[in-house]
Each structure stands twice: as structure tokens, then as C-alpha cells.
Protein chains: 2
Amino acid sequence: MRLHREDVLAGALGLLDQEGLEGLTMRRLAASLGVGPSALYWHYRDKQALLEAIAEEIMSGVADVDAALPPRERTAELARRLRLALLARRDGARVLSGTYVRLPNTLRFGEVAVLALAATGVPEAETALAFFAVQDYVLGHVIEEQSREHQLATTDRTPTPDAATTGDYPAIGTAIRHWAERTPDDRFEYGLRLLLDGLDRRTGA
Amino acid sequence: MRLHREDVLAGALGLLDQEGLEGLTMRRLAASLGVGPSALYWHYRDKQALLEAIAEEIMSGVADVDAALPPRERTAELARRLRLALLARRDGARVLSGTYVRLPNTLRFGEVAVLALAATGVPEAETALAFFAVQDYVLGHVIEEQSREHQLATTDRTPTPDAATTGDYPAIGTAIRHWAERTPDDRFEYGLRLLLDGLDRRTGA
DNA sequence: ACCTGAACACCGTTCAAGT
DNA sequence: ACCTGAACACCGTTCAAGT
């Protein structure tokens, strides 16, 4: 019953979902696999290499968007699929933002997204700028989204308007109340729409 | 020569800039202040509380934007000031994204930004959505920006087109080459402009 | 090829005790 | 009010040695 690289990765993904990024330690992972900590280092050079494998796993299938969709909708769909992939694993956005992955799933996502943007009419010299603008928004948004999940789990402080915001900061108070009435999907779509509308302006649409 | 809360915070900021977020440990901070590790716990409940104080410090002055600027430019200026504040400290974006701060500097930034957005003509029910869209973009962008700094410092892999991208992923290859010719400021401004142009559409401008 | 065992150099946090 | 000293329960990683 020897371990393979994939067993270690599968165990790491399970531990990540159960315990979160802080709980994903080499020692706990080893224990859950029934081996000593040092055994893991035969399969992965160090913890960073394991995290990069997790990041690449998170990105699997994200680029598989319907190629028949019109360019703008295809770009939107890629952004949505990225968000859902990050949300599918606990602390997924933080894992991805902390790694510098140059593996097939990640590269293919970039390739497909750049092609979709080019098809919308964005000048070739701007496709990477547009790609990173959208990707940075998605990453930032999901990091905050998953960070709020964590707050709710560990503290009793509610992110809805509290004493501090209603008193001295009236604009925040009413703004947050409207925000609280929207679904997480709505909140994401709002920023995504801003970016896509901004892109329209650059394509003469 | 007893320590005060501010001495601990100042020491933490210095250590953060020198060693980065990984190097900012309670034990190293204590050593740099000439006390034992347990002494810190008299001043801050735990490490998380200290990180929240750092985050609030990072946000100091960010809201001090020229109130006479026209609303769109005021909103842009707030986003730029946030980015610069995050860049001013090593790993600043990761520190801020990991904390849930409800302290004056942070709240005032939200208040001023929501008011600027309202002044552009964004409907009141959407001001928080628009605020978070811009803030999430800035956070995501600077996290990636500072993460690249870290890659350059620790590895010799260059983020410019390498063997993998030029071969199987041609669109990425050429896109990244154009991207590499822009300054960091340009790259940030591109996404910011997309968001602001998208907002124009929602204000009938 | 794959893992054990032991060790090294660290962590954050608590708590009684000191001044 | 502010800190020491000692302890507890952890970390990631290395490396010789085993099978």
C-alpha cells in the first residue's frame, strides 16, 4: 500500500477542505495518510510544490468554456468559471494567489481567455492587460468572499451594519444595507459587468 | 524603558518591511524589541490583533483625497491611493486581505469612497457594490503585483515569456510580451479605467 | 523506489511568578 | 502596570538508515 504522488495530492485536497489552509500542515497530512512527515518529501520537494499542485488541480476544467459563445459572453463565462472553481475549495483563492503556476490547466486558461478577449475586438497589445484586469478582480473578490466566510465561522461579529458604521459613517451604513440584500452572485456580477462594459468602450462596440 | 502599544506596532512594521509577512513572528518581534515573546501578549491579545493594527496603520491617510476633485477623478484617486498605501509596505495587500478591520482609517476610506461614487451618479442602492468592485480589483491587483516581487526575489524564473508559453500557448506568448513593455502603473490604470468606464454606463454619463 | 526515526531549528500562546 | 521563565503543543525540513 505505498503512496503515489496522486494520493498525497488527494489527501491534501481533502485536508484543505476540512481544515482550511492553516490546518493543511505537512505533519497532519502525513498522519492522515498513515505515514511519517518525512515520507511526503519523497513525493513533493517541499510544501510550496504541493501547494502549486493544488493550485493546478483547482484550475482543471476552468478553461472548458463553450467556444460557440459570442466573445463577450465567453469572457464573462470564463470569469464565472474561475470564481466557481476557487469557491469549490476552502481558501481556494488564497491558495491560487500564493502560487506562481506555469502548468497546463493554468496556461490553457490564460490562452483561452486571451483569445476570447481578442475576439471581442480588444487590440492585441491590450489583451494581457485586459486579461489580468479581469483575473485580478476575480481573485480579489473571491479572497474577500472566502475571508468573510472565515469571519462568520470564527467570530460572532456580523459584517452587516453595526454600531460603529451606523453612527459616524452614515454613507457606509445605508450602502452596506443595500449590499446585504444582494446575493453573492449578484455582487460578483456587478463588478464583472463594469469591466465588460469598460471593455466595450475599447472595442468600439 | 518599558514598551508601549505603539512601540510594538512600530517594531512590527519595521520587521514586516525587512523580512516580509512570513518573517514577522511574535518571537522575532519580541527579540527585536529586547523582551521575551510572552511580553507581547500584554499589549496585543494575539497575533491576529497585531495584524489588524498593522492593517489599520496601512490605511492611515488613504482617505485624504482632494474633495474638490470631480467625482470620477476623486474615485480614481482613492483607488490609486489605496494601491500606493498597500505597495508602501512589504506584503501590504496580503496583510490587509487577511484582516477584517473596523477601525477609523478603514471606515473613513469606505465612507469617502461611497460618497465619491454617489457623487458620480451611481444609484444609492449600488454604491456598495461599486465600492467593493473597485476595492476587490485593487486588492487582487496588488496581491499579484507583490507576489511577483516575491517570485523575483526567491527564484530565478522570469515572469516574461518562457519556453512553455511560446510553444504551446501562442496567444499568451505575444500577449505577455506586450504586457511586459508596460509599467506597473500602466497595468493598474488599465483595469481601473475599465471599471470607471463601466460605471459611466450606469450613471448615464 | 519508498519510507522510518531521529533530530534541528523553529512557531503561537498560556500562566504563574516576579518587580 | 509590565515583564520573565518555563512550559505546552505544535511547525517544515533534512538525512542517515532501513526494506
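Below, read A as the first sequence line, B as the second, and so on, with proteins coming before strands; counting in each chain starts at 1.
Side-chain proximity of A:Trp42 to D:dT13, C:dC3, D:dC2: nearest is C:dC3. Checked against C:dC2, C:dG12, C:dT4, the side chain of A:His4 finds its nearest nucleotide in C:dC2. Checking C:dC3, D:dT14, D:dT4 against every side-chain atom of A:Tyr41, the shortest atom distance belongs to D:dT14. Which of C:dT13, C:dC3, D:dT13 sits closest to the side chain of B:Asp46 comes down to C:dT13. Of the candidate nucleotides D:dA6, C:dG12, D:dT13, D:dT13 has the atom lying nearest to any side-chain atom of A:Pro37.
A distance-only check finds a donor-acceptor pair linking the side chain of B:Arg28 to the backbone of B:Gly23 [under 3.5 Å]. Using a distance-only test at 3.5 Å, with no hydrogens or angles considered, a donor-acceptor pair links the side chain of B:Arg5 to the main chain of B:His43. A donor-acceptor distance shorter than 3.5 angstrom exists from the side chain of B:Asp7 to the backbone of B:His4, with no hydrogens or angles considered.
Taking atom CG of B:Leu40 as the reference point, atom P of C:dT13 lies 10 Å away to the nearest angstrom. B:Lys47 places its NZ atom 12 Å from the C1' atom of D:dC11, with the value rounded to the nearest Å. For the pair B:Arg5 CZ and D:dA1 C1', the interatomic distance rounds to 15 Å; values are reported in whole Å. Remark: C1' of C:dC3 and CZ of A:Arg2 are 7 Å apart, rounded to the nearest angstrom. The interatomic distance linking A:Leu50 (CG) with D:dT13 (P) rounds to 10 Å, in whole Å.
B:His43 has a side-chain polar atom (N or O) that falls below the 4.0 Å cut-off from OP1 or OP2 of D:dC3.
Taken from CD in A:Glu56 to OG1 in A:Thr106, the straight-line distance is 4.0 Å, to the nearest 0.5 Å.
Separating the P atom of C:dA9 from that of D:dA9 is a span of 23 Å, rounded to the nearest Å.
Nearest heavy atom pair, residue A:Leu195 against residue B:Gly191, reads CD2-O, 4.1 Å. Looking at every heavy atom in both residues, A:Leu24 comes nearest to A:Ala12 through CD1-O, 3.9 Å.
Applying the side chain to side chain donor-acceptor pair (under 3.5 Å) test to every pair with at least one member in residues 71-93 of chain A, sequence neighbours left out, gives these pairs: A:Asp17-A:Arg89, A:Arg72-A:Asp197, A:Arg72-A:Asp200, A:Glu73-A:Arg80, A:Glu77-A:Arg80, A:Arg80-A:Glu189, A:Arg83-A:Glu145, A:Arg83-A:Asp185, A:Asp91-A:Arg94.
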Q | Full working for ring-ring contact (aromatic ring centres under 6.0 Å, His included) between A:Phe132 and B:Tyr137 | A | CA-CA 10 Å; A:Phe132 284 120; B:Tyr137 166 68; over 10 Å; no

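Relative to the six-membered ring of A:Tyr100, A:Arg102 meets both conditions, a distance below 6.0 Å and an angle of at most 45° to the axis.
Looking at residues 11-31 of chain B, you'll see B:Thr25, B:Met26, B:Arg27, B:Arg28 sit with a heavy atom under 4.0 Å from some atom of DNA chain C.
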Q.
Counting Watson-Crick and G-U wobble pairs with both distances under 3.5 Å, what is the dot-bracket string for DNA chain D, 5' to 3', using [ ] for crossing pairs and | for pairs to another strand?
A. ||.|||||...|||||.||

